[in-house]
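Worksheet: one structure, shown below.
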Amino acid sequence: MNPVQPSVHHPVQEVEVAVIGCGPVGALTANLLGARGVTTLVVERSVAPHGQPRAFSCDDEALRIYQQAGLLDELRDDMIAPPLVEYVNRAGRVFARMALSETDFGYGHAPLRFFDQPRLERTLRAGLGRFGHVQLSLGTELVGLTQDDDGVTVQLSDVATQRRWTVRARYVLGCDGARSATRSAVRIPLAGASYAEPWLAVSGDVPPDAVRVKDTRFVCDWQRPAFVSPGAADSYRLEFMLRPGETEAEMQQPDIIAALVSPYVDPARFGVTRAVVYSFHHLIAQRWRQGRVFLLGDAAHQMPPFMGQGLCSGLRDAANLSWKLALVLSGAADAAVLETYETERRPHTTEMARTSVRLGHVFLARNRSAAWLRDTVLRALQTIPRVRRFVERFEFKPVPAYRRGLMAGGRRDGVVGTMFPQPRIVMPGSTGVRLLDEALGDGFAVLGPAAAGSAFGSQWQGLPVRFVAVHPCGTPVADLPVPARAGRPERVDVVDVDGVLGGWLRRHRADLVVLRPDRFVFALTAAVALEQTGRDLSATLGVSSGGPGRPLPHGPGVAAAPGRRM
């Protein structure tokens, strides 16, 4: 990562992508682009990572995205996985629970983890240092942009000195939050609702022996709903709804905070790091693209916090758009594939936001009768095993799937358009058991039995595709061929440790599965039809079969960006 310092005589800089905003979504986007060799400039108004713990949780899909960025180990080391989430009434009686320690959606990670945002941001920004073709400009703000057929002219200003300079980018990504300057610059309005109920969010540090409630809880008190939970690195997070007539200044007083937190932590040993009053929103931008400018994260959508999916949705945006941009910029795909970003992401984001609102209705019963009815009904329903499983195993969370978009046939069909599982594997040249994504590479992957590899032919040449040959459980890894380092498509052999991959293919009556770079299923195919599937993929990407499209570099350690036409 090369820092950029603005200058009065700063020449017009040319980059492939300008990312506006270096919060978690912007920093993650820049890491994903950097890993794919895209020359990127990241612009951030602040001069240091945000010092306040705002975002708090992420899910297994988010961890899988961090894994794609090559930062999983560093980030996961600073996180904790809560084993249980309880819904309790005003008297503390449990009427519903989610058994997270017993829940596995198959994507390789725990379904929920808590983190400390300042640590997360530091790690994400440090990750940019791996790439000489990624630059971070701190203390810099977007003040204007204009577009033409070939790119975007971005006007930037030094926050401290007000000196201005110009950057020329092929594409601009607005990752600059709810008050997005990027969204304002392209005049995209928001639509939706803001909720009048203000909340007090309190974060702090507390030693383990001063914690009085050790599990994550939604306290469904009809007089004052609350959320409380231990966090990462001996932190604790509490949120309380304000009652009518309570003011922000009043609720931030130390004695009020101490009284509120006392049932959950020892207030004398709780060091408050943040106490703010906020209101939540359910807002979605009217469109997520204007020409060569795209919106991601809170710039595109904001949702209630009850599912903890605000940040996760922004990370999904980054995972969806970054590989498509890299393909287009490398010449391996037509720019038309970028239209699938909003086509795919908007319906899933809308569904996640609606689920958050519905969960909030359960949480926020505001009178005694409604709360009693809720508690009684939910306790009764959970005597039914299937209903209890639906709640305890978090099955009401929308599955990662796209209705329409970049997939065979253009729309979801069975498992086509859904996220592929990530089971355990072993592979040559790697010690111990690994997760599947480590074998897939940064492009498309065709996964199936080793014998099906002979079906690869000329129709796959020029496409960014790797063949992953699956060997059954028990195959000695010493018997597997070492991956070739020359030629395309690449081939990697893996052992299916738990039989998940073989079982998945049999269950869906397929010889092979074609996976997108973001681990969603592009197509199922028979070995005899693999050549036609290759032609279908070429047509979907808008390139000729066997054409000159340049494959993506693989792995997050790409040291320098390949030369590309600006």
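Only this structure's heavy atoms are used, side chains among them; waters, hydrogens and symmetry mates stay out. The shown structure was predicted, so the numbers you read here are calculated from the model rather than taken from an experiment.
- For the pair Val426/Val494, no side-chain contact is recorded, criterion being any heavy-atom separation below 4.5 Å from C-beta on.
- The aromatic rings of Phe240 and Tyr264 are tilted relative to each other, their planes meeting at an angle between 30° and 60°.
- Checked for salt-bridge contact, Arg119 and Glu121 miss the test: no charged N lies under 4.0 Å from a carboxylate O.
- Inter-residue side-chain proximity for Leu440 and Leu515 is flagged as met; some heavy-atom pair is nearer than 4.5 Å.
- At a threshold of 4.5 Å between non-hydrogen side-chain atoms, the residues Gln290 and Ile188 count as touching.
- No more than 12 heavy-atom neighbours from other residues, nucleotides or ligands sit within 6.0 angstrom of CZ on Arg93.
- Atom CZ of Phe114 sits about 4.5 Å away from atom CG of Leu112, to the nearest 0.5 Å.
- Within the 4.5 Å cutoff, the side chain of Arg237 has no heavy atoms near those of the Val228 side chain.
- The pair Arg183-Asp298 fails the salt-bridge criterion, with no side-chain N (NZ, NE, NH1 or NH2) lying under 4.0 Å from an Asp/Glu carboxylate O.
- Residues Glu438 and Gln67 bring no donor and acceptor atom of their side chains to less than 3.5 Å of each other.
- A salt bridge does not link Arg289 to Glu342: none of the charged side-chain nitrogens sits closer than 4.0 Å to a carboxylate oxygen.
- Side-chain N or O atoms of Thr247 include one that pairs as donor or acceptor with a backbone N or O of Glu250 at under 3.5 Å.
- We find that Arg519 and Glu61 are not joined by a salt bridge, their nearest charged nitrogen and carboxylate oxygen being 4.0 Å or further apart.
- Once rounded to the nearest 0.5 Å, the distance linking CD of Glu86 with OG of Ser229 reads 11.0 Å.
- A salt bridge links Asp209 with Arg269: at least one charged nitrogen is closer than 4.0 Å to a carboxylate oxygen.
- Within a 6.0 Å radius of CZ in Arg507, other residues, nucleotides and ligands contribute more than 12 heavy atoms.
- Ile80 places none of its side-chain heavy atoms less than 4.5 Å from the side chain of Phe115.
- In this structure, the side chains of Val415 and Thr418 come closer than 4.5 Å at one or more pairs of heavy atoms.
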Query raised in the report: Should Leu124 and Leu75 be marked as a side chain to side chain contact (heavy atoms under 4.5 Å, CB included) after you check the CA-CA gap, both sets of side-chain angles, and the distance that decides it?
Result: CA-CA 8 Å; Leu124 289 173; Leu75 291 168; 4.1 Å; yes
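- A centroid separation of less than 6.0 Å is found between the aromatic rings of Phe520 and Tyr402.
- Closest approach of Leu63 to Met79, counting heavy atoms only: CD2-SD, 4.2 Å.
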Query raised in the report: Given Lys324 and Glu344, is the salt bridge (charged side-chain N to carboxylate O under 4.0 Å, His left out) satisfied, shown in steps?
Result: CA-CA 12 Å; Lys324 295 173 183 176; Glu344 293 178 346; 2.7 Å; yes
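- Residues Asn89 and Cys220 fail the side-chain proximity criterion, which asks for heavy atoms closer than 4.5 Å.
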Requested in this report: Could you walk me through whether Asp59 and Arg316 pass salt bridge (charged side-chain N to carboxylate O under 4.0 Å, His left out), step by step?
Outcome: CA-CA 11 Å; Asp59 60 12; Arg316 293 187 191 99; 2.8 Å; yes
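- In this structure, the side chain of Gln253 does not engage the main chain of Asp255 through any donor-acceptor pair within 3.5 Å.
- The number of heavy atoms from other shown groups lying within 6.0 Å of CZ (Arg287) is above 12.
- Aromatic pair Phe227/Trp199: ring centres not closer than 6.0 Å.
- For the pair Leu447 and Leu436, the minimum side-chain heavy-atom distance is below 4.5 Å.
- Looking only at distances, a side-chain donor or acceptor of Glu246 sits under 3.5 Å from a matching main-chain atom of Arg243.
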